[in-house]
Each structure stands twice: as C-alpha cells, then as structure tokens.
Amino acid sequence: MNGRRGCMAAIALLVAGGVFCVGAQDAKKYEVKSPIQIEWWHALESQYAPLIERVVADFERQNPNIDVTAIYQGSYKDLNEKLIAAQAAGTTLPAVVVANTPYIAEYGASGLCEVLDPYIKATKFDIGDFGTGLRAASSYDGKQVSLPFLISTQIMFYNKDMADAEGIRLPETWADMDAFMKKAAKSSGGTVQRYATVFPGWDQWYFEPFFLNNGVKIVNKDGLSTDLASPKAVGVAKKLKQWCDDKVSYWAYGKDASSVMRQNFMEGKTFSVIHTTSLYNMYATNCGFKVGMHYLPGASTRDSEIGGCVLLIPAKNKQDVKNAGWKLLSYLTGKEVNMLWARETGYMPTRNSVTKTSEGKAYLAEKPAFKAVFDNLDHIYPRIQHTAYSALSKIWMQELAKVIIEGGDVQAAMNRAAVLIDEALED
Amino acid sequence: MRVDTSAVPSGRTRIRVPRYRKRESVKDFLCVAPALAFFAVFVYYPLADLFRIGFTNWNLIRDSYKFVGLKNYKWLFHGSGLGTWLSSLRITFSYTFWEIAITLIGGMLLAALFNRESKAFAAMRSLVFMPKYIAVSTSAIVFMWILNDQYGFMNYLLGLFGVAPVSWLNSEKTAFTSLLILTGWRVVGYGMMIYLSAMKGISKDYYEAAQLDGANGFQRFRFVTLPLLSPTTLFLFVTTFIASMKVFQSVDVMTDGGPYESTNVMVYWIYDLAFVQFRVDRAAVVAGVFFVILLAFTAATMKISNKNVHYDS
C-alpha cells in the first residue's frame with residue numbers, strides 16, 4: 001500500500017513538475033533577452049505628455065533592456081491611417097499601438113493584431129480582472145487581440161447646482177424623458193433660453209444606446225440586414241426629432257458640434273449634455289458650477305457601450321519586438337498604473353480589483369460623479385462588432401441628422417438608411 | 001529645280017549614325033536617368049499598382065487578397081457606387097469651376113486694380129497675396145470659427161445688419177459656399193500676382209500703338225492686354241484645374257465631406273473609402289478613373305488652347 005502511495009506521489013510530482021516546466025518554457029519564449037528599442041504609438045495629446053514620460057520612465061526602470069519611444073500620432077483617425085500604411089508597407093510598425101474600439105473588428109478580421117492569448121497564458125497575466133464587457137470589447141472572434149486601456153462610456157453631464165436649485169429630476173427611463181425635457185428646458189416668447197439636453201449627432205455612438213435599450217438590434221442576427229426601419233427604431237427617431245422640433249433639445253451635428261456643445265453647457269445654455277465619461281475632468285475644471293454625471297435612461301434594458309481605446313501589438317512585428325511589446329502592454333494595462341491613468345486622464349478604471357481597493361474608494365471620493373458609472377459597470381457592453389459598421393454608422397448618422405435638422409418624414413428617412421445599410425452589410 | 005539625291009541612301013540601306021552622336025545620346029540618357037528612375041519608383045509604379053489593386057479585394061491590412069476581375073468597376077458604374085460617384089463628380093467639377101472663376105476673374109481684376117507703382121499698392125498687394133502663405137489646414141480651422149453658426153464672426157457681422165444667423169457649415173445649402181469662401185480668400189491673391197507679373201511683361205509699345213489708333217481704356221484691355229495674357233490664363237487655368245480637382249484638406253478639416261455628402265469631393269471620397277470604410281480596392285478604382293478623367297481634360301485643354309493662346313508678347 002505504501003509503495004503504491006509513493007508511486008502515486010511520484011507520478012503527481014512528475015506531472016506537476018512537467019506542467020511547471022512547460023509553463024516556465026512558455027514564459028521563457030516571451031522573455032526579452034537582449035536590449036531592444038521599441039515604439040509606442042498613442043493618441044494622448046500634449047497635456048498628457050508629463051504623465052506618459054513618467055509611466056514610460058517607470059517602465060524602463062523596471063525593464064532596463066527595453067528602451068521605449070512614445071510617439072503621439074494625432075487623433076484616433078490619424079493613428080488609424082498611419083497604422084494601416086505601416087501595416088501595408090510591413091515596416092516601421094510600432095511594438096504597441098493604441099486603437100479606438102470600433103477599429104478592432106476590422107483589425108481583428110484582417111489579422112493585423114497579434115493574438116494575445118498565448119502571452120496571457122504563459123505570463124499568467126490576470127485577464128479575469130477586467131470586466132466581461134471590457135474583455136469582449138478588446139476581443140475579436142473569441143480571441144483576445146488587444147487589451148482595454150483608456151475606457152469610457154456614454155453619460156449625461158448635468159449642471160448639479162441648477163438641478164438642486166430647481167429640483168430637476170434626471171430621467172431614469174425613456175418614458176421619463178418627456179417630463180425631464182419639459183422641466184429642464186426654458187424658453188421665453190418663443191426664444192430658447194436653455195435646452196434640457198443636447199444629443200450629439202456627429203457620432204452614432206452617443207445616440208446608439210437609446211435605440212438599443214428600446215429593443216432595436218441595429219444589425220440583425222444574420223449580420224446582413226438592419227432593423228433601423230422597424231417601428232421600434234422609427235419610434236425612437238421620431239421622439240428625438242420631436243424634442244428637437246419642440247426646441248427643448250437640439251441635434252449637435254457637424255465638425256465643430258462637439259466644441260459648441262461644450263461651450264453651451266459651460267455657459268448654461270443647456271442644462272445637460274450627452275457626452276463621454278473621459279471628458280469629466282475637462283467639464284469639472286472648466287465649468288463654473290458643480291458637474292454631475294447621470295447614467296443614460298433605459299427602456300427595456302439600461303445598457304451603455306464601451307468607448308475609448310485599447311492597446312494591441314501588430315502581428316507583423318518580429319518576435320523579439322512582440323515580446324518587448326507585450327512587456328510594455330501588460331505594464332500599461334496592469335494594476336499598478338491603472339488608477340494613475342484613471343486619475344489623470346478622466347478615463348474609467350478598467351480593473352475590477354482596482355475599483356474595490358482603497359485607491360478605488362479614494363478615487364470615488366475625489367470624483368463622486370463617477371458613482372453613476374461604478375454602479376453600472378455590469379451594464380457597460382462592447383460596441384457592435386461588424387466589419388461594415390463604419391459604413392453603417394455614417395449612413396445612419398447622415399439620414400438621422402438630415403431628417404431631424406432639415407425636416408422630412410422620419411419613416412422615409414429610416415427606410416432610405418436601411419436600404420443603403422443593407423447594401424453595405426451584404427457587401 | 002534639280003535636287004541632288006546622290007547622297008541619299010537608297011531603299012534598304014541603313015543610315016549610319018556617327019559615333020559621337022551615339023555617345024551624346026547615351027550621355028543625354030544618363031543625365032535624365034536619375035529623374036526617370038525617381039518618376040518610375042514614385043509615380044509610374046504606384047500608378048500601375050493602383051490599377052492592379054482595383055482588380056483585387058485588398059483592404060490594405062490583410063496580407064492575402066484575391067483578384068476579383070471587374071467587380072469593383074461594376075460596383076462603380078452599375079452598382080451602389082454609381083450614385084455617390086456621380087454626385088461626387090458633380091460637386092468636384094462645380095468646386096473646380098468656381099475656383100477657376102475666382103482665380104482667373106478675381107485675379108485679373110485685382111491685378112488690373114493693383115498694377116500701380118507705389119508703396120501703398122505694394123503693401124496692399126502683399127496683404128491680398130498673404131493668405132497663400134498660410135497652410136490650408138490652419139486657414140480652415142480659423143474659418144471654421146469665423147463661420148461658426150453660434151459663436152462665429154460672420155454671423156455676428158451679419159447680425160449687425162439684421163440678418164438671421166446662417167448655419168454655414170452645417171447646412172447642405174451653405175456648406176459648399178463656405179468652402180468657396182475659404183478658397184476664394186486663399187487663391188485670389190495668387191491669381192493676382194501671376195497676372196501682375198504677366199502684365200508687367202507686356203511691352204508699352206502695344207498700348208501706345210493702340211492709343212494712336214484711338215482705342216479707349218477698355219478697348220486696350222480687351223484687344224491688347226487680354227490676348228497677351230492668354231498664355232498666363234492657360235497656365236493658371238491648367239494648374240488651378242488640376243489643383244482644385246484634387247481639393248482635400250479644407251474639406252477634411254471643415255466638413256468631412258458633409259453635411260449629408262454635400263461637400264463630398266472626389267479625393268475626400270477616395271480617402272473615406274480607403275481609410276474609413278477599409279475598401280482600398282474600391283478607392284483604387286475611383287482614383288484610377290479619376291486620374292483618366294483629369295488626364296483627358298488636361299489634354300483636351302492643351303489641345304484647344306493651342307488655337308487660342310497668343311505667345312506674341
């Protein structure tokens with residue numbers, strides 16, 4: 001009996017040792033063995049330069065073999081152009097690059113991104129610490145092709161002083177919107193003195209949740225058609241148009257619409273605006289009043305979508321560059337620096353463990369408005385992933401803006417959009 | 001008259017090219033070879049590749065792609081691309097027409113006005129020409145604010161005369177005009193300077209002769225200045241035509257081709273297809289067809305102009 005037990009123990013030890021050895025071998029595969037210089041392309045403007053320098057310097061101290069050059073490449077749009085050009089050329093690719101979340105579908109489908117699952121497994125990177133939604137938003141076809149970096153979601157910023165003084169109740173549901181609009185908007189003699197809110201029509205991401213929460217699929221299950229001409233979708237569009245026609249709200253559209261909307265909010269010309277949580281610092285610093293954040297009203301569901309950017313490693317890089325890139329990527333998305341990004345940029349903390357730590361609690365005490373986001377972390381989902389989504393959103397945005405701003409029949413406009421979108425999806 | 005044909009080689013006899021001529025030809029070729037190589041690498045090869053990509057389904061990101069024959073051409077001429085193509089072509093030609101009109105007519109009128117020798121006129125000429133020095137993107141950002149419907153200077157100015165605010169960049173009725181306002185501000189000074197230098201090159205003898213024949217000021221302009229400016233007009237016409245057909249930056253900064261595609265000029269559409277919709281194959285087809293159109297128009301202009309341009313001065 002003792003012999004048998006000893007034998008079993010020996011086998012168990014061998015198996016465990018084997019697993020350990022394989023794991024260690026895998027980890028070795030991704031080690032950085034010799035000094036290397038790598039580039040990190042990002043879209044963080046000049047005001048974040050000191051923060052980036054600090055983070056990169058800390059990383060280099062911990063990884064003396066790796067010399068990182070962080071390069072600001074302009075907006076997400078500029079960054080996309082440069083990345084595509086570098087990918088086509090097959091040279092000058094950065095080791096790590098930031099990408100706006102909608103690009104992940106096309107990048108993933110085209111094989112631009114290195115699949116990170118083996119790296120995660122070999123280095124025991126704690127991927128489970130990111131919420132399910134965040135993991136899905138940075139994956140494509142079930143593979144982890146990027147990691148969540150600076151994440152935001154749609155939110156309603158409102159003038160808290162005004163709300164307290166006038167007893168304005170913020171809408172929890174789509175049905176509450178009419179009463180909210182009536183209470184928060186002000187006009188005198190037919191002239192608008194204050195809008196209740198502003199709908200950002202320059203990017204479909206901002207108004208998409210109203211449709212999704214009202215049961216609109218946008219892309220049907222077949223992936224080849226849209227339900228944007230359905231009664232549900234038309235109902236939402238009609239309501240949006242009605243509020244704009246009644247001048248209790250307006251449809252912000254055009255290249256300068258975002259800056260004008262911000263200005264209107266700061267000057268008290270609108271009670272609230274719908275924008276991205278990443279701009280909290282900007283609003284809180286520049287407004288002469290207390291700024292509150294309110295989670296968007298729901299209907300059959302009350303979900304919002306993930307925005308912001310992820311980090312990825314271009315797959316065409318050589319293995320030593322990818323290894324160094326992985327070191328940097330895992331550092332930038334690691335627990336240590338996660339709160340630093342959140343505190344200094346206005347983006348949300350992405351790691352569940354961070355939100356529960358004392359640091360997370362201190363963050364909430366410093367920015368209490370973020371409670372609206374923290375309370376709804378389980379309701380923040382990835383955007384719809386479809387390679388034709390950029391074409392879809394452009395058509396939808398244009399038709400909706402045209403019918404709301406210039407006038408016309410909503411059903412006809414949505415029908416027109418649906419025909420064009422179906423063509424784009426089928427393509 | 002008799003012609004001596006004894007030195008002319010008969011029938012199949014080959015003409016012997018002197019050796020020094022051959023050496024000269026090789027030297028000539030070697031002189032232009034670097035420029036030719038440059039053009040071959042940076043112009044002709046990309047151009048040929050552009051047409052090749054048009055027959056594939058490449059999206060610029062994937063490494064692999066298939067040849068799809070005329071599929072992308074069908075999309076452009078018989079598919080969903082046709083409507084946008086025709087609309088984009090119309091907008092581009094319309095933009096070109098107005099830019100040429102502003103450059104030629106505005107430039108010539110200003111040149112006639114500023115063709116004086118004094119410090120004040122020199123200063124005014126500099127002021128009118130100055131916008132050409134400013135980068136298009138910088139000017140476009142400034143004009144975005146000038147034309148902003150709520151906070152812009154233009155609407156403030158119109159408001160002083162009781163005119164209601166105009167949604168310059170956000171209405172499909174005015175966005176195109178807004179682009180032309182920026183364009184006019186930038187190009188009219190350039191047209192003026194080119195015309196001015198040409199006017200200064202016209203001999204005064206022509207004007208004196210015309211004056212002796214009893215021609216008045218307008219007649220001197222119509223029958224002396226205008227014909228002698230025709231090479232300059234041709235130069236401005238061709239260069240402005242090519243440049244304006246390729247307008248991109250002002251559209252990219254100010255309107256993104258909108259609102260509702262009312263400023264969706266051809267090059268912006270090509271960019272949008274390639275980098276926003278990831279359809280480089282289609283972008284290549286549109287760019288290829290656009291290249292042929294530009295080439296045909298330029299060639300036609302040059303041919304027609306040979307009959308009407310006077311190089312007498």
Side-chain angles (χ1 to χ4, degrees), chain A residues 77-78 80-90 102-103 105-113 201-202 250-257 259-261 263-264 267 269 314-316 387-395 397-403 405-406 413 419-420 422-424 426-427, chain B residues 49 53 57-65 71-72 75 79-81 83-84 140-141 143-152 167-175 178 250-264 269 271-283:
Chain A
K77 190 177 133 190
D78 302 328
N80 170 58
E81 287 163 26
K82 289 172 188 174
L83 180 61
I84 290 178
Q87 167 78 3
Y103 292 120
E106 188 63 51
Y107 291 173
S110 301
L112 184 146
C113 319
W202 70 84
Y250 79 88
W251 198 256
Y253 188 66
K255 288 274 298 203
D256 54 358
S259 42
V260 171
M261 186 181 86
Q263 194 66 30
N264 282 337
E267 290 179 9
K269 289 180 180 171
K316 266 190 185 173
T387 49
Y389 209 72
S390 59
L392 177 154
S393 58
K394 193 178 172 186
I395 298 164
M397 232 159 35
Q398 278 185 1
E399 288 296 339
L400 202 55
K402 196 170 183 175
V403 76
I405 299 169
E406 311 270 334
V419 170
L420 294 170
D422 283 354
E423 267 177 28
E426 276 174 33
D427 236 10
Chain B
D49 208 37
I53 293 167
N57 66 349
W58 196 33
N59 72 349
L60 212 64
I61 312 177
R62 275 194 309 265
D63 281 338
S64 59
Y65 52 83
K71 196 179 169 195
N72 292 320
W75 163 81
S80 56
T84 315
I141 288 170
F143 267 74
M144 272 179 80
W145 281 105
I146 291 175
L147 298 172
N148 184 283
D149 52 353
Q150 289 188 43
Y151 299 95
S167 187
W168 290 102
L169 292 166
N170 297 330
S171 165
E172 61 180 338
K173 289 172 196 139
T174 49
S178 307
S250 53
V251 175
D252 185 41
V253 175
M254 290 170 81
T255 64
D256 267 352
Y260 331 121
E261 299 195 341
S262 60
T263 58
N264 192 24
W269 188 40
Y271 160 81
D272 188 75
L273 282 169
F275 291 101
V276 180
Q277 299 182 35
F278 298 104
R279 293 305 304 251
V280 174
D281 49 349
R282 288 179 174 176

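Below, chain A is the first sequence line, B the second, and so on; all start at residue 1.
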Check whether any side-chain heavy atom of B:N170 lies under 4.5 Å from a side-chain heavy atom of A:D256, and answer yes or no.
-> yes
Checking heavy atoms, do the side chain of A:E267, its backbone, both or neither come under 4.5 Å from chain B?
-> side chain
Quick one: which of B:W145, B:Y271, B:W75 has the most heavy-atom pairs under 4.5 Å with chain A, could you say?
-> B:Y271
Under a 4.5 Å heavy-atom cut-off, does chain A meet the side chain of B:Q277, its backbone, both or neither?
-> both
Check against side chain to side chain contact (heavy atoms under 4.5 Å, CB included), A:I84 and B:N59 = CA-CA 9 Å; A:I84 290 178; B:N59 72 349; over 6 Å; no
Compare every heavy atom of B:F275 with every heavy atom of A:N80, then report the nearest pair and how far apart it is.
-> ND2-O, 2.9 Å
Is the shortest heavy-atom distance from the side chain of B:S167 to the side chain of A:Y253 under 4.5 Å?
-> no
Check whether any side-chain N or O of B:D256 sits under 3.5 Å from a backbone N or O of A:K255 as a donor-acceptor pair, and report yes or no.
-> no
Nearest heavy atoms of B:L60 and A:Q87, plus distance in Å | O-CG, 4.2 Å
Atom group of B:F278 that falls short of 4.5 Å from chain A, counting heavy atoms = side chain
Bottom line for B:T255: the part with an atom under 4.5 Å from chain A's heavy atoms is backbone
Region of B:N57 that comes under 4.5 Å of a non-hydrogen atom in chain A = neither
Validation row: B:E261, A:K402 side chains within 4.5 angstrom (heavy atoms) = no
Okay, B:V280 and chain A: the region with an atom under 4.5 Å from a heavy atom over there is neither
Per-residue contact mode, B:D149 against chain A (heavy atom under 4.5 angstrom) = neither
Between B:Y260 and A:I405, is any pair of side-chain heavy atoms under 4.5 Å apart?
-> yes
Region of B:S64 that comes under 4.5 Å of a non-hydrogen atom in chain A = neither
